[in-house]
Every structure is written in C-alpha cells, then in structure tokens.
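Take a look at the structure set out below.
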Protein chains: 2
Amino acid sequence: MNAPDTGPTTRDRILNAAERLFAQRGYYGVTIRQITREAGVDVALASYYFGPKADLFRAVLERRAEELHGAILASIDAVEKRAGDRPPGVESLIRAFAQPSIDRLVRGGEGWRDYIHMMAGLYSSQQSEFLVAMNDMYTPAMRRVMELIRLSIPTASERSVTLSFYMLLTAVISIYSETVGLERLSNGTIHPTDFDAILDHLAPFFAAGFHRMASV
Amino acid sequence: MNAPDTGPTTRDRILNAAERLFAQRGYYGVTIRQITREAGVDVALASYYFGPKADLFRAVLERRAEELHGAILASIDAVEKRAGDRPPGVESLIRAFAQPSIDRLVRGGEGWRDYIHMMAGLYSSQQSEFLVAMNDMYTPAMRRVMELIRLSIPTASERSVTLSFYMLLTAVISIYSETVGLERLSNGTIHPTDFDAILDHLAPFFAAGFHRMASV
DNA sequence: GTCTATAATGAGATAGAC
DNA sequence: GTCTATCTCATTATAGAC
C-alpha cells in the first residue's frame, strides 16, 4: 500500500503511540495530545481517524487481538495433535495457553510488548467496560483450554476447573505485566523478564493444583 | 476529639472520598475537585491538608496499612501457635495470610472495601512508585509466610518458594479486586463475592502446587 | 489528509479574606 | 480551619483553511 520508505501510516503511528502510552499509564493517565505528540502528528488527526478517546482505546485493543487469539488456538490444537487419541496433559495445556503471548512479549518487538502490558494492566482495573470487551476477545481459547482440562481430569467438576483456571489466568496475566512485584519479593534474584524460567515453574505448579482438585 | 454527632473530621471526609474514588477509577481517573465534591468540602481543603495529589494518594494508602498488616501478622502467629512445635501446614498458612483482608472486605464496611479494591488495582498497574510503597508496607508479613512455608517443606528451595508465593499473591489480589473476570468465566455461576467458597478452593489448590515444587 | 485556530471546559494550586 | 477568587495551564473537540 505504501512506498517502502514511508514507514507506518498516520493511522498506525497513532495506534502505536497510543499502545505505548496506555501500556505505561493506563487509560486515564494518557491524553490525546500526548499520544499525537508521541506519534509526531497533529492533535486533530486522532479525532479524525478514531473519534473520541474511548474509541481509540478500543481500536488499540482490537488491532492485535485476532492474531494473538488465533495463535493461542493454534497452539492448543498442536498440543492436541501431539497427544494423539488421548487428551493432552494439563501441564502441556498450560504451556500452550501461555506460550504465544510470551513469544510475542519477548520476540514480537515493542508493539507486542506494549499491547500485552496494556492488556495486563486492564485486567485488574475497574474499567469494566473495556475489561469485558477484552475478555470476550479471548473467551473461545479460554473455554477450549477448560474443556480439554476436563477431558484430562474427568473427575473434576466444571466449577472446580473454572475456579482453578481463574487462578491460573490471574497469575499468567500478572506475569505478562512484568511488574516489580516478583523482583522485590525475591530481593532482585528473580527477574520478571525470565519468562522461560517462570513458565517452567508455573506449569507444573498449577498442573498440580488442578489435579489436587480433581475430586471436587 | 469530636462531639459525637459531628461525624468524621474534614481530613477524614477527604480521605474517605479519595479512597472510594481511587478504588473505582484509579489515580489518574480521579481529580481533586471530584474528591472534594464527593466529600462535601471545599476544593482548597485538599491542598491545605495533604498538599499535592500524589501525597493525598499516599495518605490514603498509609491510613489502613498498619492495622491490616498487623492483623495479617497476628493471624500467622495464631496458626503457628495452633500448630505447636511443628511448622504449620501450607494450607493453613495460605488461609492465615488471606483471611484478614477478606474479613475486612466483607465485614469491614465500605471504607475497608474501597481500600482493598484500591490496593488490588494498584498492584497490577505500572504506577511503580506507589506500587513499591505499598509492597513495602506488607513485606514483613509476606516474608514471614515464605519462611514458614520453607520450614513446612524443607526440601523446597528459597527460589521455588518465592516463585510459588508470587503466583499465590497474584491470585489472591485478583480475588480481592472482585472484577467481572470470574463471573464471566463461569457464565455467572460463580460470584466474585463468594470469598469463602473461593478461599476453600484456593487454599488446597495452591498448597498442592507448593508441595509439587518441593524438590526444585 | 493535514493543519491552524479557537471554543468550551476543567485541571492543580495558592493568595488572601474571613 | 474554611472559603472566595483567581492564576496558569492543559484538556477534548471541532470548524474551516489549505
């Protein structure tokens, strides 16, 4: 669409800047003027392309959702295939669910990092309008994981698996946010960016929990 | 100090209003004018009592920290006493850690509810300055729990227990925030305010994880 | 598609009267 | 300890020139 040296379009420049700033300071912590300043474009262009601020926020949220959600579903499918006729193990399902986000966080460039930080910040906010919108974008993948865990642990009730999955979800999302919490808790010996090490701990840790609640 | 019918002092009226609004909309989502309007006092009084907005936020954060932190420590002590000479079990330590906050969330009145929601919102924000301040207020209790878990599972490394405790912490804090996440995940069958039921699931769930990672 | 200019509003903070 | 008045600055949003 563009000549090779023009870089991103104005629309994308605004989305990129908004993504970065919303990730750092949340919805209310950012003004449209800061966004357009950061993007190097005129203030009026934000309204021109996106309308009000809330719509710009939603546009940022939606831009990468389809790709990431698709990657998570594909990752779950791959684990299913590898398991053959039997249901895949819980630990591998946890890994399949978390890995695509971590891949993009680590190797997807700044844009993906900002996007995932932004989602993590949103998840525990009281901004329930945006929160529900985001939740809905990833619901099919979450339901699929819960379904497969139930096949893997048939004695566990739906309620038990839902509660356990929620615990998993909150932990995974906190890890995506790379906050200083873990670093301070460990006196600086564990870095929030050691995602591989953290996932190697998290996966068996939570798998054990799911199995423990198998009879509930 | 006050006559019995004057109600809270102006200072406390401002703190109460700030607590409520910060809990709902976060630091940036609230203006001093909104706070003083909600408190029914003049705008200028916020500056008079607390100085800049950041200092007011810190004052809200600090007001209840000592009491809650003390209650958590007392709760841990009680579990230790009950266990006698042997180290207390992991599940009872998890309960001791989470229960004082839940008690205040459920039975402490609006003020405590707002305070705990505000802390939960802060924990996963990128507001690292306030975040670190809050973390520090509760560090002794967290260290104590980790210490006792290590006594209970002597084969677990410090690193393993720290990672596991971090997972626990993120889940517990998410639950305090009472967001719509769990409700949506369960299609409305599990309510975020069913704290007793959630804790009955969470405690054995996480205890199993700690034990699973005993040899790491 | 981009920018200038401006309208309308609200923000934080404080000096000074009471 | 409280309030009025005001300063200074930034905000969203839009109308209209280019």
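Excluded from the calculations below are hydrogen atoms, water molecules and symmetry mates; all remaining heavy atoms, backbone and side chain alike, are included. Order of the sequence lines fixes the chain letters, A, B, ..., with proteins taken first and strands second; residue numbering starts at 1 for each chain.
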*Spacing between B/Phe50 atom CZ and D/dG1 atom C1', to the nearest angstrom*: 14 Å
*Write down the distance between OH (B/Tyr49) and P (C/dA13), rounded to a whole number of angstrom.*
18 Å
_Please classify the nucleic acid contact of B/Tyr48 as base, sugar-phosphate, or nothing, using heavy-atom distances under 4.0 Å._
base
*Round to the nearest Å and state the distance from B/Ile35 atom CD1 to C/dA13 atom P.*
11 Å
_Between CG on residue A/Leu182 and OG on residue A/Ser174, distance to nearest 0.5 Å_ = 10.5 Å
*To the nearest Å, give me how far apart CZ (B/Arg37) and C1' (C/dT9) are.*
12 Å
*asked:* Could you tell me how far apart A/Arg25 (CZ) and D/dA10 (C1') are, to the nearest whole angstrom?
replied: 13 Å
*From the list C/dT14, C/dT4, C/dA13, which nucleotide is the closest neighbour of the side chain of B/Pro52?*
C/dA13
*Give me the one residue out of B/Ile173, B/Val180, B/Thr179 that meets side chain to side chain contact (heavy atoms under 4.5 Å, CB included) with B/Ser177.*
B/Thr179
*With a 4.0 Å cut-off on heavy atoms, is B/Thr31 in touch with a base, just the backbone sugar-phosphate, or nothing at all?*
sugar-phosphate
*Respond yes when some side-chain nitrogen or oxygen of A/Thr10 is under 4.0 Å from OP1 or OP2 of C/dG1, and no when none is.*
no
*B/Tyr28 near the nucleic acid: base, sugar-phosphate alone, or nothing, with a heavy-atom cut-off under 4.0 Å?*
nothing
*Working to the nearest 0.5 Å, report the span between CE of A/Met118 and CZ of A/Phe22.*
6.5 Å
*Name the one of B/His117, B/Arg63, B/Gln24 that satisfies side chain to side chain donor-acceptor pair (under 3.5 Å) with B/Glu19?*
B/Arg63
*Please report, rounded to the nearest Å, how far the P atom of D/dA10 is from the NZ atom of B/Lys53.*
16 Å
_With a cut-off of less than 4.0 Å, is there a side-chain N or O of B/Arg33 near OP1 or OP2 of C/dA11?_
yes
_N or O in side chain of A/Arg13 less than 4.0 angstrom from C/dG1 OP1/OP2_ = no
*Report the nucleotide, chosen from D/dA13, C/dA13, C/dA11, that has the shortest atom-to-atom distance to any side-chain atom of B/Gln34.*
C/dA11
_So that I can tick it off, tell me whether B/Arg144 and B/Glu147 are bridged by a salt bridge, with the cut-off set at under 4.0 angstrom between side-chain N and carboxylate O._
yes
*Could you tell me the separation between the CG atom of B/Leu45 and the C1' atom of C/dC18, rounded to a whole number of Å?*
14 Å
*For B/Asp42 and C/dG12, give me the distance from atom CG to atom P, rounded to whole Å.*
14 Å
